[in-house]
2 protein chains.
Amino acid sequence: MQRAEATREASAGTGLTERQGAVLEQALRLLVDGGERALTTAGVARAANCSKESLYKWFGDREGLLSAMIAFQASKVRTLDVSAEALDAASLKAHLVAFARDLLDVLSGEVSLALNRLAIGQASREGSRLGRLLQERGRRPIGRRAGALLEAGRKAGLLAFDDAEEAYGALYGLIVSDWHLRLLLGEETGAMKKDFSRRAERAVDAFLKLYGAKA
Amino acid sequence: MQRAEATREASAGTGLTERQGAVLEQALRLLVDGGERALTTAGVARAANCSKESLYKWFGDREGLLSAMIAFQASKVRTLDVSAEALDAASLKAHLVAFARDLLDVLSGEVSLALNRLAIGQASREGSRLGRLLQERGRRPIGRRAGALLEAGRKAGLLAFDDAEEAYGALYGLIVSDWHLRLLLGEETGAMKKDFSRRAERAVDAFLKLYGAKA
DNA sequence: TCCTATGAGTACCGTACGGTACGGTTCGCA
DNA sequence: TGCGAACCGTACCGTACGGTACTCATAGGA
């Protein structure tokens with residue numbers, strides 16, 4: 001069962017017991033299935049066959065549990081680094097398309113959507129610690145991967161831009177547009193999944209038209 | 001006091017009493033200030049100097065109140081139609097930039113952010129009726145305005161695209177990128193407000209480079 | 001074999017919410 | 001002046017949650 005395997009790995013990387021990882025797994029399951037309202041301490045304890053007392057011992061309070069869920073999930077998503085190979089136009093485009101498809105995959109994942117909904121829901125009241133955590137553990141690694149790829153493209157003379165942040169913003173916007181928000185609002189994925197490749201290629205084509213080095 | 005004026009207008013367009021509009025105004029205020037947790041029936045009643053019984057009489061239940069808040073807020077945002085004037089390259093660009101700036105203004109508005117957070121938070125559990133309502137009353141009018149503008153540009157021979165939806169998606173993505181989501185997650189606006197114009201122009205420049213009719 | 005730590009299961013407490021019911025008051029209207 | 005509708009303020013009810021405390025079972029170590 002590779003689910004348990006992933007749990008073990010993720011637990012190891014975050015200083016968590018295997019048992020605690022399994023509990024977080026159940027908590028994520030509850031969150032995905034029923035939203036924040038379903039994520040009660042009693043519910044988690046029941047679903048994970050542990051006591052509420054253990055939950056509070058391990059995670060402090062409810063927010064600690066939520067934070068641990070985000071960190072735990074983030075530790076399961078491995079962002080593969082761009083290889084240091086020499087880039088030509090074709091391989092750059094291939095890498096960009098792969099990045100775009102991975103991005104769409106991650107953003108449309110049910111766990112990602114549930115955690116984003118959770119963090120956004122908490123963002124109103126003071127702190128928005130969950131939002132920051134989600135940004136740092138979720139978005140930043142992805143941004144680093146894209147940034148490295150863009151930088152490599154520029155070094156290879158394939159891309160031309162002054163502001164890497166702006167170029168990445170354009171790439172992100174072309175790939176995602178308002179699609180992420182629509183998913184967060186509850187719009188059905190429908191048959192969209194099949195369009196990931198097409199959408200990724202279109203976005204990358206447009207991006208290269210904007211930031212490609214030569215005409 | 002123009003606040004009362006806006007309330008009166010919005011009430012008129014939605015079949016609501018002026019009093020009910022004022023109540024919704026207070027409810028929005030509560031939501032903006034304290035998030036969903038602050039939006040309790042008792043809290044609204046207290047803030048608006050009305051009774052809970054009246055709330056239930058007017059809006060049915062809590063979800064009816066939330067829906068009414070969305071509809072009420074939407075009715076206050078008037079999307080100006082694109083004028084039927086003849087477009088040249090300069091005026092098209094000006095219209096696009098104005099659209100981009102308006103879009104950034106609306107999305108970053110505190111009421112808009114609060115309502116989006118609310119709808120996203122509710123999206124997990126059944127229906128996601130609020131999400132759909134927010135889409136139809138918020139996003140669709142904006143999309144119509146942009147769609148008409150793009151169509152006019154194409155008719156004038158200034159824009160070239162096959163799929164208007166795709167072109168609009170690119171425009172939206174170039175303008176907004178992941179900025180809306182970051183705001184929803186609680187990131188501070190900071191000094192961004194001042195960059196709206198610059199950001200709008202950059203996005204429109206890129207869009208025209210992609211979809212402009214002639215090289 | 002005893003001792004201690006860990007944790008499951010459950011009972012419990014205070015609080016707060018959604019929704020309802022009721023008494024008192026204002027206001028339009030005949 | 002009397003009547004009825006609308007409505008405010010508040011008390012109330014059932015429920016459910018976060019968090020704590022307590023009991024019992026299990027396992028490992030001296």
Side-chain angles (χ1 to χ4, degrees), chain A residues 7-8 11 15-31 33-70 114 117-119 121-122 124-127 129-130, chain B residues 7-8 11 15-31 33-70 114 117-119 121-122 124-127 129-130:
Chain A
T7 301
R8 189 167 324 132
S11 307
L16 291 175
T17 315
E18 199 172 326
R19 177 91 180 97
Q20 294 168 358
V23 169
L24 292 178
E25 199 80 56
Q26 291 302 318
L28 286 172
R29 181 82 248 146
L30 276 181
L31 178 65
D33 288 344
E36 185 185 354
R37 314 292 296 218
L39 194 71
T40 66
T41 53
V44 173
R46 200 178 324 115
N49 287 328
C50 73
S51 68
K52 289 172 65 175
E53 197 167 15
S54 300
L55 289 182
Y56 284 98
K57 183 172 193 173
W58 293 334
F59 306 110
D61 57 1
R62 189 171 188 269
E63 181 153 334
L65 175 65
L66 304 184
S67 299
M69 289 168 63
I70 291 179
R117 290 199 185 105
L118 179 64
Q122 305 273 8
S124 334
R125 43 180 175 172
E126 172 256 353
R129 293 183 38 236
L130 290 185
Chain B
T7 300
R8 188 168 324 134
S11 308
L16 292 173
T17 313
E18 198 172 327
R19 177 89 179 97
Q20 295 168 359
V23 169
L24 292 178
E25 199 81 55
Q26 292 300 320
L28 286 172
R29 181 84 247 146
L30 276 181
L31 179 65
D33 288 343
E36 186 185 353
R37 314 293 296 218
L39 194 69
T40 65
T41 53
V44 172
R46 202 178 324 115
N49 288 328
C50 75
S51 69
K52 289 173 65 175
E53 196 170 18
S54 299
L55 289 181
Y56 285 98
K57 183 173 191 173
W58 293 333
F59 305 110
D61 57 1
R62 188 171 188 268
E63 180 153 335
L65 175 65
L66 304 184
S67 299
M69 288 168 63
I70 292 179
R117 290 198 185 105
L118 179 65
Q122 305 272 8
S124 332
R125 45 179 173 174
E126 170 256 355
R129 294 184 37 235
L130 290 185

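Letters A, B, ... mirror the listed sequences (proteins, then strands); counts begin at 1.
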With sequence neighbours left out, write down each residue that passes side-chain contact (heavy atoms from CB on, under 4.5 Å) with B:E53, or none if nothing qualifies.
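Per chain and number, B:E53 pairs via side-chain contact (heavy atoms from CB on, under 4.5 Å) with B:S51.
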
Among B:R129, B:E36, B:E63, B:R117, whose side-chain hydrogen bond (donor to acceptor under 3.5 Å, both in side chains) with B:Q122 holds?
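Running side-chain hydrogen bond (donor to acceptor under 3.5 Å, both in side chains) over B:R129, B:E36, B:E63, B:R117 with B:Q122 returns exactly one hit, B:E36.
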
Which whole-number value in Å describes the distance from [X] [atom1] to [N] [atom2]?
X: A:Y56; N: C:dC13; atom1: OH; atom2: P; answer: 17 Å
X: B:Q20; N: D:dC8; atom1: CD; atom2: C1'; answer: 15 Å
X: A:F59; N: D:dT20; atom1: CZ; atom2: P; answer: 16 Å
X: B:Q122; N: C:dG18; atom1: CD; atom2: P; answer: 11 Å
X: A:E53; N: D:dT20; atom1: CD; atom2: P; answer: 9 Å
X: B:L39; N: C:dA16; atom1: CG; atom2: P; answer: 17 Å
X: B:D61; N: C:dT20; atom1: CG; atom2: P; answer: 9 Å
X: A:N49; N: D:dA25; atom1: CG; atom2: P; answer: 18 Å

Does a side-chain N or O from [X] land closer than 4.0 Å to OP1 or OP2 of [N], or not?
X: B:W58; N: D:dC7; result: yes
X: A:T41; N: D:dG19; result: no
X: B:R37; N: D:dC17; result: no

Which of the following nucleotides, [options], is nearest to the side chain of [X]?
X: B:S51; options: C:dT20, D:dG19, D:dC8; value: D:dC8
X: B:T40; options: D:dC8, C:dC17, C:dA8; value: C:dC17
X: A:K52; options: D:dC8, C:dA8, D:dG19; value: D:dG19
X: B:S54; options: D:dC7, D:dG19, D:dG9; value: D:dC7
X: B:R62; options: C:dG19, C:dA8, D:dC8; value: C:dG19

Looking at every heavy atom in both B:V23 and B:W58, which two are closest together, and how far apart are they?
CG2-CZ3, 3.9 Å

What heavy-atom pair brings A:L55 and A:A45 nearest, and what distance separates the two atoms?
CD1-N, 3.9 Å

Let me confirm one number: the CD-CE distance from A:Q26 to A:M69, rounded to the nearest 0.5 Å.
11.0 Å

